[in-house]
Amino acid sequence: MITIRIQPEDFDVAAEIAALDAEDTGAVATFTGKVRKEGNLAALTLEHYPGMTEREIARIVDQAEDRWPLLGVTIVHRIGRLAPGENIVLVAVATPHRSAAFQACEFLMDYLKTKAPFWKQEERNGETSWVEARHSDDKAAERWRDR
Amino acid sequence: MITIRIQPEDFDVAAEIAALDAEDTGAVATFTGKVRKEGNLAALTLEHYPGMTEREIARIVDQAEDRWPLLGVTIVHRIGRLAPGENIVLVAVATPHRSAAFQACEFLMDYLKTKAPFWKQEERNGETSWVEARHSDDKAAERWRDR
Amino acid sequence: MTLLYFAWVRQKTGRGEEQLALPESVKTVADLAAFLSARGGGYAEAFADLRRVRVAVNQDHCGFDTTLRDSDEVAFFPPVTGG
Amino acid sequence: MTLLYFAWVRQKTGRGEEQLALPESVKTVADLAAFLSARGGGYAEAFADLRRVRVAVNQDHCGFDTTLRDSDEVAFFPPVTGG
């Protein structure tokens, strides 16, 4: 089962894993991205492109399904204002065996980071600024091209 | 914080992730291994070597800490009789950034599979047999030697 | 066509969405960016350095050489930073 | 010394644990395996093919060439299959 949700609300990892459950599941890998509690960071605000976000994530999941035998995928990405310590994103993947679970989960995160239309704005000392894209994220996504 | 538990009881992934929480956490990767629901498999029974299991897992975690900046690691491995669909093992890793979280979580699983003294017995059609070690698991652990 | 702007591109142009009849001079996304930039002010700032701007046509990532039709939805935004 | 057996090695020997005064002939783990195998019956079966058996001395994985002392805890078991 494929679940893709964009929402302001937090998510419950255990409930999302339980919902993934399939007969053949032997392995579940999850990734949770959180707002780091760092120095003067007051909050992150996540903006997105409604419509395209869901389409783009569905395309990324399609690509993952072409590569690995996925029994279930859940992607939840939060939007709006998030305080340090709060969850931002969850990727959960169920597969028969562990290697595919790890690889698919990392692939989905790498592609989410570089393809899904979200933008982060930081609040520090009462000032806001847009987070710059990181070259290392592009490199992480490129690794998958030749595999 | 490092948590290592060997127990007959099930675990709650969300609670384990919450307990991992650290100031700098930006990424949490988890792996859950489950008993597959396959054909005539009635149950798995997990036996272990008390004392050595905890020591061996602690050594594996030490090696992971030498390689990556880990903010928290939780490993819970169940023992006893487990029915299809039940959880067997949880590895959860908190790090500042995602790449380390994925790598450390996979490293810990690969080493758990090949180093921690657990043995699985299968029940099928009223007969029991010991699960054979898989060459692919040795190969998975060997990958980390040269990195 | 529908034009959409996100993140700092939206802040520069001062709006998130606008309708535009495809101008005769505009064949590609690059032409459209030049057309919008020529409005001056925040638009000129938004499109001052196209290396910093990404584009999607009808909700697909694409290049500035993409040919446009009047029915297209065209979005301009910075490199994405979600996840 | 304390001897421990796990999984099918335990089933073959018929016990999980036993105490043994280190025999004079036994210098290494390989010697100990030969000594135990010489008991015949399930012991001979357990140690019939040492390629299928792994060993830990004092709760560390080690090889069959490891030298033993009377105070050691020695465990024999199949390749591990947890996780």
Side-chain angles (χ1 to χ4, degrees), chain A residues 4 6 31-36 44-60 63 75-80 82 87-91 105-122 128-141, chain C residues 1-20 28-30 32-33 36-37 41-83:
Chain A
I4 297 169
I6 316 296
F31 178 86
T32 308
K34 298 163 73 86
V35 184
R36 266 182 298 279
L44 284 183
T45 300
L46 269 287
E47 175 176 334
H48 79 125
Y49 180 170
M52 179 169 170
T53 311
E54 292 80 355
R55 282 172 53 119
E56 194 63 30
I57 295 176
R59 277 191 287 255
I60 295 167
Q63 289 180 52
I75 296 179
V76 185
H77 203 300
R78 296 180 68 190
I79 51 174
L82 304 176
N87 291 325
I88 304 173
V89 61
L90 172 71
V91 173
C105 192
E106 192 165 12
F107 171 91
L108 289 166
M109 271 308 302
D110 286 344
Y111 274 70
L112 259 184
K113 282 260 180 191
T114 52
K115 295 287 184 185
F118 292 97
W119 299 275
K120 285 195 190 95
Q121 195 174 38
E122 291 183 343
T128 61
S129 63
W130 293 96
V131 173
E132 293 279 331
R134 293 164 62 207
H135 185 59
S136 60
D137 288 331
D138 291 331
K139 285 284 167 204
Chain C
M1 66 198 335
T2 300
L3 304 186
L4 300 171
Y5 309 106
F6 294 98
W8 61 253
V9 178
R10 172 178 53 71
Q11 290 183 319
K12 299 279 191 195
T13 63
R15 68 193 67 189
E17 178 171 350
E18 65 180 297
Q19 299 298 320
L20 180 77
T28 67
V29 172
L32 178 60
L36 294 168
S37 183
Y43 282 91
E45 285 179 31
F47 295 100
D49 183 356
L50 293 186
R51 290 172 306 183
R52 299 186 62 210
V53 178
R54 299 291 178 270
V55 65
V57 174
N58 300 325
Q59 308 191 352
D60 281 330
H61 290 290
C62 66
F64 278 78
D65 56 351
T66 305
T67 305
L68 295 176
R69 291 179 304 177
D70 193 49
S71 57
D72 288 338
E73 174 177 303
V74 183
F76 293 102
F77 44 78
V80 302
T81 57

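Chain A is the first sequence line, chain B the second, and so forth, proteins listed ahead of strands; every chain is numbered from 1.
- Annotation: the span from A:E132 atom CD to C:R52 atom CZ amounts to 5.5 Å, rounded to 0.5 Å.
- Minimum heavy-atom separation, A:K115 to C:H61: O-NE2, 2.6 Å.
- For A:R59, the part sitting under 4.5 Å from any heavy atom of chain C is the side chain, from C-beta outward, and nothing else.
- Put simply, of C:A56, C:G16, C:G83, the one with the most heavy-atom pairs under 4.5 Å next to chain A is C:G83.
- Interface check for chain C: of the options A:F31, A:F118, A:Y49, the most heavy-atom pairs under 4.5 Å are formed by A:Y49.
- The two residues A:V131 and C:T81 make their nearest non-hydrogen contact at O-CG2, 3.3 Å.
- Between A:W119 and C:F6, the ring planes are parallel. Angles under 30° get that label, and only those over 60° would be called perpendicular.
- Between chain A and the residues C:V80, C:D60, C:L4, the largest count of heavy-atom pairs under 4.5 Å involves C:V80.
- Using a 4.5 Å cut-off between heavy atoms, C:N58 contacts chain A through its backbone alone, with no side-chain atom that close.
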Query raised in the report: Passes side-chain contact (heavy atoms from CB on, under 4.5 Å), A:E47 versus C:R10? Steps please.
Result: CA-CA 11 Å; A:E47 175 176 334; C:R10 172 178 53 71; 2.5 Å; yes
